[in-house]
Amino acid sequence: MTLWTLRARDGNDTPQHSIDGSVISCARFAECDNIAAITTTMGSSTCRLSDWFDIEESSSPSHEIHIVGDCRWLDRLAAAEPGTPTGARAGRITVHGSIGHLAGHRMRRGELIIDGDVGDFLGAKMIAGTIIVTGRLGRSPLSSARRGTLIYQHRFDWHPDRFSRPMRLDFPYASLIETVGCSKGVIDMIDRARRNVVEVRRGDRNENGQAEVVFVDR
Amino acid sequence: MSDVAPVLSPGGPIVINGVFIEPEFAEAFDMKATRLILTAHDRFWVDQGAAALVGFGTSVIACGLEIAVEQTLGPDQSPDGRPGVSILAFAMSGKELERQIPIRLGQCVLTCPTAAVFAGLDEVGGNRVAIGKSIRFFGDGHQISKKTLSSKTGQTKHYWRIPVMDGEFVCQHDVARISGIGGGNFLLLGTTLEAVLTATRAAFEAMRELPGIITPFPGGAARSGSKVGSKYAKLFASTNDAFCPTLRGIVPTLLADDENAALEIVIDGLTAHDVAHSMKVGITAAAQAVGSAGGLMRITAGNYGGKLGRHHFHLHEVMK
């Protein structure tokens with residue numbers, strides 16, 4: 001895997017793009033002053049704007065993308081592009097900061113790790129995959145989700161009819177989630193999910209689905 | 001230690017602690033192999049699950065598989081941070097391996113409380129042996145598929161979460177199938193059964209944690225060494241009468257006058273180097289533990305004249 005770094009606008013400096021793949025989203029970079037760096041494992045020639053939506057579209061079967069810095073302006077991360085049926089289908093996107101709305105919309109596979117807050121409709125119509133959030137959830141997370149897993153640690157008042165009553169369970173799958181390259185906040189949270197009994201709710205009744213939400217007590 | 005060091009001379013005899021190492025060779029065969037990692041909540045359940053999984057797995061002659069625990073794994077060595085073991089399985093054909101593994105996992109590991117099973121080989125692509133690919137159907141539609149990206153290898157790992165009565169059974173989708181070698185061996189011959197048993201245990205203890213090999217028989221040793229063929233037409237193997245002390249005088253014997261017991265240690269390994277190294281370790285440990293003074297007189301190896309197996313492990317070469 002080739003690891004490369006894009007440096008975005010830093011304060012009043014001009015954007016510093018080290019490779020040709022920097023065409024990825026110059027316009028979007030310019031919208032945000034807070035992104036420090038984006039590192040991906042994708043080759044430059046395959047990196048394009050749509051990679052923000054569907055990281056499986058690139059040539060390599062699996063990718064890891066790190067987005068460092070708050071980017072609340074960035075909506076639809078790992079989500080289905082408008083007009084397409086599925087969002088991310090593989091790989092892992094780690095956001096070291098907060099993110100905008102509709103992240104993981106129609107997400108099909110892969111992992112979305114957000115070390116910060118998320119906007120509204122996180123994982124809406126999610127098909128499968130795993131979303132991990134260390135910060136606060138916006139409105140209507142997992143709205144109409146069919147399957148998939150949301151792991152979070154800040155209390156959220158779920159609509160009483162949506163999921164099953166919370167069950168206190170071991171959650172062995174947490175042990176298999178890789179946290180290499182993640183921040184201490186994510187590592188601590190997943191570590192607690194591995195060691196402790198967690199609160200699980202199952203079965204999104206909105207969609208008659210099997211989505212699950214896993215609350216890791218702080 | 002000077003009295004137990006190997007006496008080496010080019011082309012001459014090898015003697016360790018008075019034990020004569022014969023210039024014989026072990027004849028081994030090509031097999032298909034895989035490695036599984038079994039974990040559980042604590043060591044008790046790991047051992048229970050492993051004992052069930054490797055039970056009745058001594059010889060491909062009738063068990064389908066030769067399967068045994070390879071190494072004990074601590075929580076820092078296992079995929080899910082729990083205590084575990086790595087297990088090697090060998091079969092004569094890839095098809096048989098692919099048939100036996102899911103059956104054993106379904107009956108022995110799926111049933112074991114808190115157990116989980118993972119692939120122990122990192123090879124991607126090629127021939128695969130099903131794990132969760134078969135067992136997932138036990139979930140009756142409630143099984144959950146999960147794919148995670150390994151940062152280390154850049155490859156995606158595919159897991160299944162199957163609902164069971166203690167929570168979830170987690171297992172990997174499949175595991176690679178590779179070529180292995182089965183049938184490495186050496187025979188320990190002594191004046192008394194006590195001496196040979198002690199030597200066998202010493203060899204087994206020295207070899208049991210070596211990576212890449214298993215000794216599938218009880219305590220690593222087979223007392224029923226076999227020869228090819230039988231007077232009974234249906235049997236293709238029968239007792240190795242040349243090494244049976246009670247048959248001396250009835251059939252031609254390979255036992256010396258003062259040798260009254262023999263045991264065979266059988267080794268399966270992932271590579272020829274693994275097998276050869278383990279033979280050296282085992283032979284050295286056995287000879288040093290007992291020696292000729294204790295009653296271990298000779299160490300030799302079993303073969304079929306070199307016509308059946310492609311791999312020949314000459315004792316004098318492996319001891320170099």
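What you see is a predicted model, and the numbers here were worked out from it, not measured in a lab. Chain letters run A, B, ... following the sequence lines, proteins first, then strands; residues in each count from 1.
Annotation: B:F29, atom CZ; neighbour count of heavy atoms from other residues, nucleotides and ligands within 6.0 Å is above 12. Surrounding CZ of A:R192 are more than 12 heavy atoms belonging to other residues, nucleotides or ligands, all under 6.0 Å away. For B:H41, the NE2 atom counts as loosely surrounded, since its 6.0 Å shell holds 12 or fewer non-hydrogen atoms of other residues, nucleotides or ligands. Around CZ of A:R205, the count of heavy atoms belonging to other residues, nucleotides or ligands within 6.0 Å exceeds 12. By the 6.0 Å contact criterion, CZ on A:R165 is open, its count of non-hydrogen atoms from other residues, nucleotides or ligands being 12 or less. Remark: B:H273 NE2 is loosely packed, at most 12 non-hydrogen atoms of other residues, nucleotides or ligands lying under 6.0 Å away. Within a 6.0 Å sphere centred on CZ of A:R162, other residues, nucleotides and ligands contribute more than 12 heavy atoms.
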Under the side-chain hydrogen bond (donor to acceptor under 3.5 Å, both in side chains) rule, what do A:E178 and B:S150 come out as? Steps first, then yes or no, please. CA-CA 7 Å; A:E178 275 205 20; B:S150 169; 3.2 Å; yes
B:K146 and A:L176: side chain to side chain contact (heavy atoms under 4.5 Å, CB included), yes or no, with the steps? CA-CA 10 Å; B:K146 286 289 181 188; A:L176 302 172; over 6 Å; no
If you apply the rule side chain to side chain contact (heavy atoms under 4.5 Å, CB included), what do you find for B:R161 with A:T149, and how did you get there? CA-CA 12 Å; B:R161 297 166 52 193; A:T149 304; 3.7 Å; yes
Under the criterion side chain to side chain contact (heavy atoms under 4.5 Å, CB included), I'd like the reasoning laid out for A:Y173 against B:D80: C-alpha separation, chi angles, the key distance, then a yes or no. CA-CA 8 Å; A:Y173 171 61; B:D80 62 356; over 6 Å; no
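Atom CD of A:Q210 and atom CD of B:Q143 lie 8.5 Å apart (nearest 0.5 Å). Here A:T94 contributes atom OG1 and B:L149 contributes atom CG; the two are 9.0 Å apart, rounded to the nearest 0.5 Å.
Heavy-atom distances place both the backbone and the side chain of B:S145 under 4.5 Å from chain A. Within the 4.5 angstrom heavy-atom criterion, no atom of A:R194 approaches chain B. Only the side chain of B:F118 comes within less than 4.5 Å of a heavy atom in chain A; its backbone stays farther off. If you measure heavy-atom distances from A:L169 to chain B, you find no contacts under 4.5 Å at all. If you measure heavy-atom distances from A:R202 to chain B, the contacts under 4.5 Å come from the side chain alone.
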